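What you see is a predicted model; the values in this text were computed from it and never measured. Only this structure's heavy atoms are used, side chains among them; waters, hydrogens and symmetry mates stay out.
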Amino acid sequence: MTKTTSWRRVATGLLPLLCAVVLAGCVAPTQADSDAKPLYLTFDDGPSNDTDEILTVLNDNDVRATFFALGENLAGNHELAQRMLAEGHVVATHTWNHRNLTKLSPAELDSQLRRSVDEVRAVGSDSDCIRPPYGATNDAVQDALAEHDLRSVLWNVDPKDWKRPDAEALADRLVEAASSRAVVLLHDGGGNREKTIQALRTALPELRAEGYEFRPVPGC
């Protein structure tokens with residue numbers, strides 16, 4: 001066995017483990033898309049008053065993203081969520097009201113999942129993906145997700161828009177941290193997102209010029 005063959009076998013074996021950090025499942029690139037540079041933008045905590053403008057910026061830049069929405073926010077924004085779906089985005093759950101799932105009783109955990117999934121279904125989405133608030137999970141949470149046929153999706157790029165940095169600095173972080181098949185954590189809710197909107201206007205054309213393609217998270 002050559003060193004090259006040995007390394008390829010090791011890399012192939014490690015691929016599912018590496019992907020499991022971010023996604024509960026991963027598909028290796030085929031020969032046809034081996035040159036593609038997909039980038040998975042995700043937005044948490046919405047919908048909010050800023051979501052409409054974020055959708056416009058995404059549409060202007062031919063971006064398809066994944067929105068992890070809070071059930072309590074979806075409840076009053078079905079029309080906005082249906083716009084997301086109509087424009088090619090995915091609407092998935094971020095629980096009902098952003099509780100840390102690892103600190104809940106079994107009954108509370110079940111309620112967070114069931115109520116939020118009901119809202120996702122009510123707007124017409126069949127996504128089975130969930131982003132646990134704070135990325136917090138444990139065996140009890142994973143068991144509950146399995147009972148509800150949900151798949152946890154985390155992230156591996158966090159430009160920290162939740163800290164509301166200067167828009168130019170945030171745009172720089174988005175461009176500099178980008179890599180093929182990265183899952184990027186952004187927010188369309190949880191507070192004023194004007195800085196995120198401004199940063200997207202700057203960063204998306206730059207990323208597109210670098211060859212990135214913006215797609216929803218695979219399998220969601």
Side-chain angles (χ1 to χ4, degrees), residues 21-25 40-55 58 63-85 87-104 108-138 140-164 182-193 196-197 200 215-220:
V21 174
V22 178
L23 306 173
Y40 310 123
L41 300 186
T42 66
F43 294 85
D44 287 10
D45 298 350
S48 74
N49 292 334
D50 293 315
T51 302
D52 187 73
E53 190 167 0
I54 286 175
L55 287 172
L58 298 184
V63 174
R64 303 296 175 265
T66 306
F67 287 82
F68 290 97
L70 293 174
E72 67 175 2
N73 290 343
L74 271 181
N77 285 290
H78 281 199
E79 186 174 334
L80 188 55
Q82 286 160 358
R83 177 188 171 186
M84 295 177 188
L85 295 173
E87 294 181 357
H89 306 292
V90 168
V91 178
T93 183
H94 194 37
T95 72
W96 179 256
N97 61 355
H98 213 278
R99 300 280 302 279
N100 185 328
L101 299 182
T102 66
K103 300 182 181 298
L104 302 183
E108 291 172 325
L109 178 53
D110 179 77
S111 177
Q112 285 284 326
L113 301 179
R114 177 174 44 78
R115 295 174 70 196
S116 62
V117 170
D118 284 349
E119 282 299 327
V120 168
R121 299 290 177 262
V123 303
S125 172
D126 61 359
S127 174
D128 62 359
C129 290
I130 182 172
R131 173 161 289 162
Y134 315 106
T137 186
N138 57 21
V141 170
Q142 290 302 315
D143 288 344
L145 298 186
E147 289 176 6
H148 287 267
D149 296 319
L150 293 171
R151 182 167 68 95
S152 179
V153 176
L154 301 182
W155 60 89
N156 54 11
V157 172
D158 179 5
K160 295 182 170 56
D161 71 327
W162 47 273
K163 287 188 173 182
R164 299 183 184 87
V183 179
V184 183
L185 172 65
L186 294 165
H187 297 80
D188 68 314
N192 185 299
R193 296 300 168 201
T196 298
I197 294 168
L200 287 170
R215 307 174 185 173
V217 172
C220 286

side-chain hydrogen bond (donor to acceptor under 3.5 Å, both in side chains) partners of [X], counting only residues at least two apart:
X      : answer
Asn100 : Thr102
Asp143 : none
Gln82  : none
Gln142 : Thr137

Quick note, side chain to side chain donor-acceptor pair (under 3.5 Å) partners involving residues 122-136, not counting sequence neighbours, are Thr42-Arg131, Asp44-Arg131, His98-Tyr134

Side chain to side chain contact (heavy atoms under 4.5 Å, CB included) against [X], all qualifying residues, sequence neighbours excluded:
X      : answer
Ala144 : Leu109, Leu113
Arg121 : Val117
Asp110 : Arg114, His148
Pro132 : Leu101, Ser152, Leu154

By salt bridge (Lys or Arg N to Asp or Glu O under 4.0 Å), Arg164 pairs with (sequence neighbours left out) none

Sorted by chain and residue number, the salt bridge (Lys or Arg N to Asp or Glu O under 4.0 Å) partners of Asp52 (sequence neighbours excluded) come out as Arg83

Please set out all donor-acceptor pairs under 3.5 angstrom arising from side-chain atoms of residues 67-81, sequence neighbours excluded.
{"residue": "Asn73", "atom": "ND2", "partner": "Asp45", "partner atom": "O", "Å": "2.9"}
{"residue": "Asn77", "atom": "ND2", "partner": "Asn73", "partner atom": "O", "Å": "2.9"}
{"residue": "His78", "atom": "NE2", "partner": "Glu119", "partner atom": "OE1", "Å": "2.8"}

Interatomic distance, CG@Leu200 vs CZ@Arg193, rounded to 0.5 Å, equals 11.5 Å

d(Leu185 CG, Leu41 CG) to nearest 0.5 Å is 10.5 Å

